[in-house]
Amino acid sequence: MSREKGCALFLAFAVTLAFAPDAFAKRRRSTGASGGGVPLTGGSKGRSKSTAAPLTSGGGTEAIDRGDKFYNSNSFYMASIEYNKAIEDQGSDELSRQSAEFKMGKTLYKLHFFSAAISYFDRVVQKGPSHPHYNETLQWLAALTRDVPDSAGVLEKIGKYDRAELENPQLSTVRDELYFLLGKYNYQKNKFKEAVELFNMVNPKSPFYVQGKLFEGATHVREYNARPAVEAFKEVLRVAEDSSDPKVRPFQDLANLSLARVFYSTGQFVLATKYFDRVSPESYDWPNSLFESSWANFMLKEAGYSKALGNIHTLRAPFFEYFIKPESAAEALTVKATIYFYNCLFDRASDAMAEFDEAVPDIRNGLQELLKKNTDNAQFFDAAVKIRRGRSGMKAFVERAARAVLTDRSLAKRFGYVRELDKELTQHDKADVAWKATAVATNIFSDIGVNRALMVNEAGEMARKRIERLVNELSALIVRVVKIKFEILEGEKRQEEEDMLAEQTKARDRRARDIVTINVDDEHQFWPFTGEYWRDELGYYRYKLANKCGRTMIPEGAPDASAVSPEAAEGEAAAPTTPPAEEGEGGAPAAPAAPAMEDAAGAAAGE
């Protein structure tokens, strides 16, 4: 049985800023960024007046000076008006205009008009080093990466800077963060050598060191260099072991998952299962790591069948309805059937395929109907929002499957950004009427509207492609199941023929051969499963398995239990080999292809 897609999880992690530029200290919507009708004036610490201050005339340096006074007193709406005067006034000199553009970006950031802030900071970046605030802008771009997804274009702007420009003394408090972000940009652009160099420049004491090492490992994975990838991921584990920071734990789980995938890809299945087992049950990726571990245990043949079946049993627990990927849940049933098939337990293999037929084709058909009804990206975005909220009106099992693939981190960031833009529109609507009548307010409103439309289109397209991919994978599994069922029928036929021959010759007493012994140590107890799942039992289920194959009826393509090659020593990872063929030569379900090493990168690409 082949696995083209391998393990499709991505390491998804949010960029956490450890150092914020002094310029923005604490962001508070209460200081002119939100609330009811926001007056045009307002002092610091929430003071405001009920009437708007008269607008002053004049541009250039005078407008900037007035804007600075309003900015320093947290009157950001008034500051935006003055800075806009300096930008739009034909009498302003170029230096004043450039200074006003930068200060406008800062002001809009303070107001949480992030999309408009990006536009003004982009003007600075496009001017290059000749702009007086070119280096200072890097601090604000770094801050924006916390608030918007990579698709908003902030990382592209950081990518305009040369590495040498990060050495400016003005950037000392955010330099490690910028090494990481610029490395991430180079990673996304497939400039792997530059990316690794930048990740290695992050100070080990920096909060971005662990993330940088994860990306470094992912970069080596992309280049099919297993050994340095393993070392980078192990460095994450070493740092996590010595850290008391709870924020490091998710990165520890990602490193364990990445190591497991690398070792799987290099055919070191014992080591793969070791690191799959280290993924914490509290991890977002734990359910899918159980599924991937099932494949690794499958590849261990008789030594791993019991645990592979136990993991698949765990994944049937109701706790995982919205966490396990539906294609993984469906594929797990094919793994289950194949294990039974290889042990001539054809009735159980047929039961697994009956489970598949009971659910998967209907899910596939329901998702196809969803695609037919929502062809436009904006339309699909609206449908996806309803699915994510559980209010789509679809059949419950179809909605669960769709929801499971529409809640990944990359999509969540985009849907979250649309919600942020909606908040900005609401904030704009509630602002002082006099401010809304100004040119800067009109520009901001237009900018938010355009960016929202673009993000809705992008999120809708990504959501639609997620569903299309799921439909295609389920369709491929349905075709595979047809082949598996044919092989099961052939196996049952051979079994009947051997039974008849044995009865005629009375040559043998055919008995099942136990291939699994469940040993319980002092730290565990043995409890038979009685139909009810308990949270503390998840991940510990084991199956007692017997092999009913006679000497002459071992299925073609079944693994030789005595042919398990010894595992390489830990850390001795080689470059992955070419994945096996699509189907076993004997027609029996073939062993799965190793998951691609790129999967260890996950969302290290940030998307």
Side-chain angles (χ1 to χ4, degrees), residues 15-27 61 64-65 67-74 76 79-80 82-83 86-87 92-114 116-148 150 152-186 194-195 197-209 211-212:
V15 175
T16 306
L17 296 183
F19 304 106
D22 293 337
F24 48 85
K26 294 182 180 179
R27 304 194 320 249
T61 55
I64 291 175
D65 290 341
D68 290 346
K69 291 179 181 178
F70 284 123
Y71 182 94
N72 292 331
S73 63
N74 293 334
F76 300 123
S80 69
E82 297 299 334
Y83 292 141
I87 294 169
S92 294
D93 60 85
E94 183 63 18
L95 186 62
S96 296
R97 185 176 292 109
Q98 290 180 356
S99 180
E101 287 171 347
F102 169 70
K103 293 182 176 183
M104 177 69 87
K106 292 199 307 180
T107 302
L108 296 178
Y109 179 92
K110 288 284 194 175
L111 288 169
H112 283 224
F113 289 133
F114 296 131
I118 292 170
S119 297
Y120 281 95
F121 287 134
D122 183 56
R123 299 186 188 187
V124 178
V125 174
Q126 295 305 322
K127 289 287 185 180
S130 63
H131 196 288
H133 299 283
Y134 181 69
N135 285 319
E136 193 177 352
T137 296
L138 263 176
Q139 300 180 30
W140 296 86
L141 293 175
L144 279 163
T145 61
R146 300 177 66 186
D147 302 295
V148 299
D150 290 348
V154 178
L155 210 57
E156 294 283 339
K157 298 175 192 355
I158 293 175
K160 297 284 187 182
Y161 289 78
D162 294 327
R163 185 191 312 178
E165 291 168 330
L166 273 56
E167 305 305 319
N168 190 303
Q170 192 177 15
L171 301 174
S172 60
T173 59
V174 292
R175 185 170 295 119
D176 287 314
E177 177 185 359
L178 291 170
Y179 285 149
F180 169 71
L181 291 172
L182 190 56
K184 183 179 176 183
Y185 169 80
N186 280 284
E194 294 87 343
E197 290 174 353
L198 283 158
F199 294 140
N200 279 321
M201 294 177 74
V202 179
N203 192 307
K205 295 182 179 180
S206 167
F208 294 93
Y209 179 71
Q211 297 179 58

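Predicted, not measured: the structure shown is a model, and the values here were computed from it.
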Notebook entry, point to check: Quick one: does Gln139's side chain have a donor or acceptor within less than 3.5 Å of a partner on Gln170's backbone?
Noted result: yes

Note to self: Can you tell me which residue among Thr145, Asp176, Leu198 is in a side-chain contact (heavy atoms from CB on, under 4.5 Å) with Leu181?
What the structure shows: Thr145

Check: What is the distance from atom CG of Asp122 to atom CD of Gln126, rounded to the nearest 0.5 Å?
Finding: 4.5 Å

Notebook entry, point to check: Looking only at heavy atoms, what is the nearest atom pair of Ala117 and Gly105, with distance?
Noted result: CB-O, 3.5 Å

Item checked: Main-chain N/O of Leu95 paired with Ser99 side-chain donor or acceptor, under 3.5 Å -> no

Margin query: I'd like to know whether the aromatic ring centres of Phe70 and Phe76 sit less than 6.0 Å apart in this structure.
Written below: no

Checklist line | Partners meeting ring-ring contact (aromatic ring centres under 6.0 Å, His included) with Tyr185 (sequence neighbours left out) | finding: none

Note to self: For Lys127, is there an ion pair with Glu101 - N to carboxylate O distance below 4.0 angstrom?
What the structure shows: no

Next item on the list: State, to 0.1 Å, how close Ser80 and Met104 come at their nearest heavy-atom pair, and which atoms those are.
Entry: O-CE, 3.1 Å

Check: With no hydrogens and no angle check, do the side chains of Asp68 and Tyr83 hold a donor and an acceptor under 3.5 Å apart?
Finding: yes

Item checked: Atom pair CZ/OH of Phe114 and Tyr109 - distance to nearest 0.5 Å -> 5.5 Å

Check: Do Met201 and Arg163 come close enough that some side-chain heavy atom pair is under 4.5 Å?
Finding: yes

Check: Do Leu138 and Leu166 touch side chain to side chain, with heavy atoms closer than 4.5 Å?
Finding: yes

Item checked: Asn186 CG to Glu197 CD distance, which is reported to the nearest 0.5 Å -> 9.5 Å

Check: Looking at Gly67 and Ala79, what are the two nearest heavy atoms and their distance?
Finding: O-CB, 3.5 Å

Note to self: Could you measure the distance from the CZ atom of Phe113 to the CD1 atom of Ile118? Nearest 0.5 Å is fine.
What the structure shows: 14.0 Å

Checklist line | Considering all heavy atoms, the nearest Gly159-Leu182 contact | finding: CA-CD1, 3.8 Å

Margin query: Nearest 0.5 Å, please: how far is NZ in Lys103 from CD in Glu82?
Written below: 12.5 Å

Checklist line | Which residues share a ring-ring contact (aromatic ring centres under 6.0 Å, His included) with Tyr120, sequence neighbours left out | finding: none

Note to self: Under 6.0 Å from the ring centre and within 45 degrees of the ring axis: does the NZ or CZ of Lys106 meet both conditions for the six-membered ring of Tyr71?
What the structure shows: yes

Next item on the list: Let me see the working for Phe121 and Lys157 under side chain to side chain contact (heavy atoms under 4.5 Å, CB included), right down to the final yes or no.
Entry: CA-CA 9 Å; Phe121 287 134; Lys157 298 175 192 355; 5.6 Å; no

Margin query: When you measure from the side chain of His133 to the backbone of Val124, do you find a donor-acceptor pair of N or O atoms at a distance under 3.5 Å?
Written below: no

Item checked: Audit row: Thr137, His131, side chain to side chain contact (heavy atoms under 4.5 Å, CB included) steps and yes/no -> CA-CA 10 Å; Thr137 296; His131 196 288; 5.7 Å; no

Notebook entry, point to check: If you take all heavy atoms of Ile64 and Ser96, which pair is closest and at what distance?
Noted result: CD1-O, 3.2 Å

Checklist line | With sequence neighbours excluded, residues passing side-chain hydrogen bond (donor to acceptor under 3.5 Å, both in side chains) with Arg175 | finding: none

Check: With distance as the sole test, does Glu165 use its side chain to make a donor-acceptor pair with the main-chain N or O of Asp162 at under 3.5 Å?
Finding: yes

Notebook entry, point to check: Donor-acceptor pair, Tyr161 side chain versus Tyr134 backbone, under 3.5 Å?
Noted result: yes

Margin query: So, taking the atom named CG in Leu141 and the one named CG in Leu178, what distance separates them when rounded to the nearest 0.5 Å?
Written below: 8.5 Å

